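All residue numbers refer to positions in the sequence shown, counting from 1. Fair warning: this is a prediction, and the values are worked out from it, not measured in the lab.
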Amino acid sequence: NSGTNVNVYDNTVYLSAGTTSTATNWGSAAIYASTTPTVNLNNNIFVNLSIPKGTGKATAYQRSSTTTSTYGFGSNNNDFYCGTPGVNNLIFYDGTNSDQTLFAYKSRVASADLLSGSENPTFLSLAGANANYLHIDPAVATIIESGGTNINSLTDDFDGQTRQGNPGYIGSGSAPDVGADEFNGIGVILAAPINFAANTITNNSFNITWTDNSVGEAGFAVFRSLNAGGPWILIGGITSTTSGTTGTGYSLAQTGLLGG
């Protein structure tokens, strides 16, 4: 689409193509976006479990060029999943740059997708003719539950159930669910890390350490700022119970949890 703005809200995309393609190099993307218009992605599930061939790539999110200025800074609350990360299984690809992990992708898109996650949803059915096709299993804890945000023009889901925050909603969620299906499920509750410490090493850098205090998180996001009150800039993601460096010239570092 070469329009001025493209808004993609409240969708569920699931790909699981096998290796039957006759092409030598074959790949796919759960969503492919042109970098000509400004693209806004909110409350979407993009899962690509396809098996690429040759130099092809299975990508959750692909853009047509390296331009990131036309990716809407308000894009957020998405679920990007591409199976086990690898050189051919990517969260993001633009034809030149590739991000195997959610943390690497978030660093690339700066302020966008700060609350987005990476999880393989548990669907009730993957059969298109089934009434529960691409409905989320409400018995399995997930970051999708109450992981979205309200969009004024979209008050119900793909089969007519009212979204949380709108008149007529009867569930117990605290926010709309991510994806096309609004359901009454179990959210993932993450406890804050403990034993946080900052240890100065030089005059312009220091290490930060903490202890994981939760179960079910994908990892930790580390932010830094020139000011104690922000704004905060994402500098990367790391696994639990490890250390990182904020870089030079920064006065404070802050950690945050990512579910998934």
Side-chain angles (χ1 to χ4, degrees), residues 1-15 27-50 57-83 85 89-121 123 134 136 142-158 163-165 175-183 218 221 234 237 256 258-260:
N1 191 315
S2 59
T4 303
N5 291 280
V6 176
N7 299 320
V8 182
Y9 302 148
D10 293 345
N11 296 281
T12 297
V13 179
Y14 178 88
L15 300 182
S28 60
I31 181 169
Y32 182 95
S34 167
T35 56
T36 300
T38 296
V39 176
N40 299 292
L41 304 181
N42 293 88
N43 299 353
N44 300 289
I45 297 173
F46 297 118
V47 175
N48 190 352
L49 299 179
S50 300
K57 303 181 188 304
T59 307
Y61 178 24
Q62 183 169 346
R63 287 173 64 81
S64 62
S65 77
T66 59
T67 299
T68 58
S69 60
T70 54
Y71 184 43
F73 65 87
S75 297
N76 211 349
N77 303 93
N78 298 294
D79 178 24
F80 301 102
Y81 188 78
C82 60
N89 294 83
L90 305 170
I91 293 290
F92 177 81
Y93 183 55
D94 61 17
T96 301
N97 304 297
S98 60
D99 297 322
Q100 297 182 25
T101 68
L102 182 69
F103 300 127
Y105 164 70
K106 287 188 175 186
S107 295
R108 185 176 306 281
V109 297
S111 61
D113 282 312
L114 286 178
L115 298 178
S116 294
S118 183
E119 176 188 275
N120 188 16
F123 295 108
L134 295 189
I136 305 298
T142 173
I143 61 171
I144 295 167
E145 170 58 45
S146 299
T149 187
N150 258 299
I151 297 173
N152 291 335
S153 59
L154 300 173
T155 60
D156 58 11
D157 72 355
F158 76 136
R163 295 272 185 185
Q164 191 278 341
D177 299 322
V178 179
D181 179 32
E182 182 73 17
F183 63 105
L234 180 70
L258 297 174

Task: Atom pair CG/CD1 of Asn77 and Ile143 - distance to nearest 0.5 Å - done: 10.0 Å
Open item on the list: For the CZ atom of Phe123 and the OG1 atom of Thr12, what is their distance to the nearest 0.5 Å?
Closed with: 6.0 Å
Open item on the list: Would you compute the distance between atom CG of Asn76 and atom CG of Leu115 and round it to the nearest 0.5 angstrom?
Closed with: 4.5 Å
Open item on the list: Checking Thr35 against Ser64: is there a side-chain donor and acceptor pair closer than 3.5 Å?
Closed with: yes
Open item on the list: Given Asn11, which partner from the list Asn44, Asn42, Asn43, Asn78 fulfils the side-chain hydrogen bond (donor to acceptor under 3.5 Å, both in side chains) test?
Closed with: Asn44
Open item on the list: Between Asp79 and Ser116, does the side-chain contact (heavy atoms from CB on, under 4.5 Å) criterion hold? Intermediate values first, please.
Closed with: CA-CA 6 Å; Asp79 178 24; Ser116 294; over 6 Å; no
Open item on the list: For a quick test of reading the model, state the closest non-hydrogen atom pair linking Asn152 to Thr155 and the distance between them.
Closed with: O-CG2, 3.9 Å
Open item on the list: Just to verify, which of Val47, Asn48, Leu102 counts as forming a side chain to side chain contact (heavy atoms under 4.5 Å, CB included) with Tyr81?
Closed with: Val47
Open item on the list: Would you compute the distance between atom CG of Asn97 and atom CG of Leu90 and round it to the nearest 0.5 angstrom?
Closed with: 11.0 Å
Open item on the list: How close do Tyr71 and Val109 get, counting heavy atoms only, and between which atoms?
Closed with: CD2-CG1, 3.9 Å
Open item on the list: Looking only at the side chains, is there a donor atom on one of Arg63 and Thr68 sitting less than 3.5 Å from an acceptor on the other?
Closed with: no
Task: Phe80 and Tyr61 aromatic ring geometry - parallel, tilted or perpendicular at 30°/60° bounds - done: parallel
- [ ] Decide side-chain contact (heavy atoms from CB on, under 4.5 Å) for Val39 and Ser75; before the verdict, give the C-alpha distance in whole Å, the side-chain angles of both, and the deciding distance to 0.1 Å.
- [x] CA-CA 8 Å; Val39 176; Ser75 297; over 6 Å; no
Task: Close side-chain approach of Val8 and Ile31, heavy atoms under 4.5 Å - done: yes
Task: Inter-residue atom distance Asp94.CG - Thr66.OG1, 0.5 Å rounding - done: 5.5 Å
Task: Verdict with supporting geometry, Asp177 and Glu182, side-chain contact (heavy atoms from CB on, under 4.5 Å) - done: CA-CA 5 Å; Asp177 299 322; Glu182 182 73 17; 3.5 Å; yes
- [ ] Identify the two heavy atoms, one from Gly72 and one from Ala112, that lie closest to each other, and give their separation to 0.1 Å.
- [x] O-CB, 3.9 Å
Open item on the list: Minimum heavy-atom separation for Leu114 and Lys106, please, with both atom names.
Closed with: O-NZ, 2.9 Å
Task: From Tyr9 atom OH to Ile151 atom CD1, the distance as rounded to the nearest 0.5 Å - done: 5.5 Å
- [ ] Side-chain contact test, heavy atoms from C-beta onward, threshold under 4.5 Å: evaluate it for Leu49 versus Tyr14 and give yes or no.
- [x] yes
Task: Working for side-chain contact (heavy atoms from CB on, under 4.5 Å), residues Asp157 and Arg163 - done: CA-CA 6 Å; Asp157 72 355; Arg163 295 272 185 185; 3.8 Å; yes
Open item on the list: What I want to check is whether the side chains of Ser146 and Gln164 have a donor and an acceptor closer together than 3.5 Å.
Closed with: no
Open item on the list: Donor-acceptor pair, distance only, cut-off 3.5 Å: does the side chain of Asn89 make one with the backbone of Ala58?
Closed with: no
Open item on the list: Measuring only between side-chain heavy atoms, which start at C-beta, is Phe183 closer than 4.5 Å to Ile144?
Closed with: yes
Task: Nearest heavy-atom neighbours spanning Ala60 and Cys82 - done: N-CB, 4.4 Å
Task: Nearest atoms (heavy-atom pairs only) where Asn150 meets Gly165 - done: ND2-CA, 3.7 Å
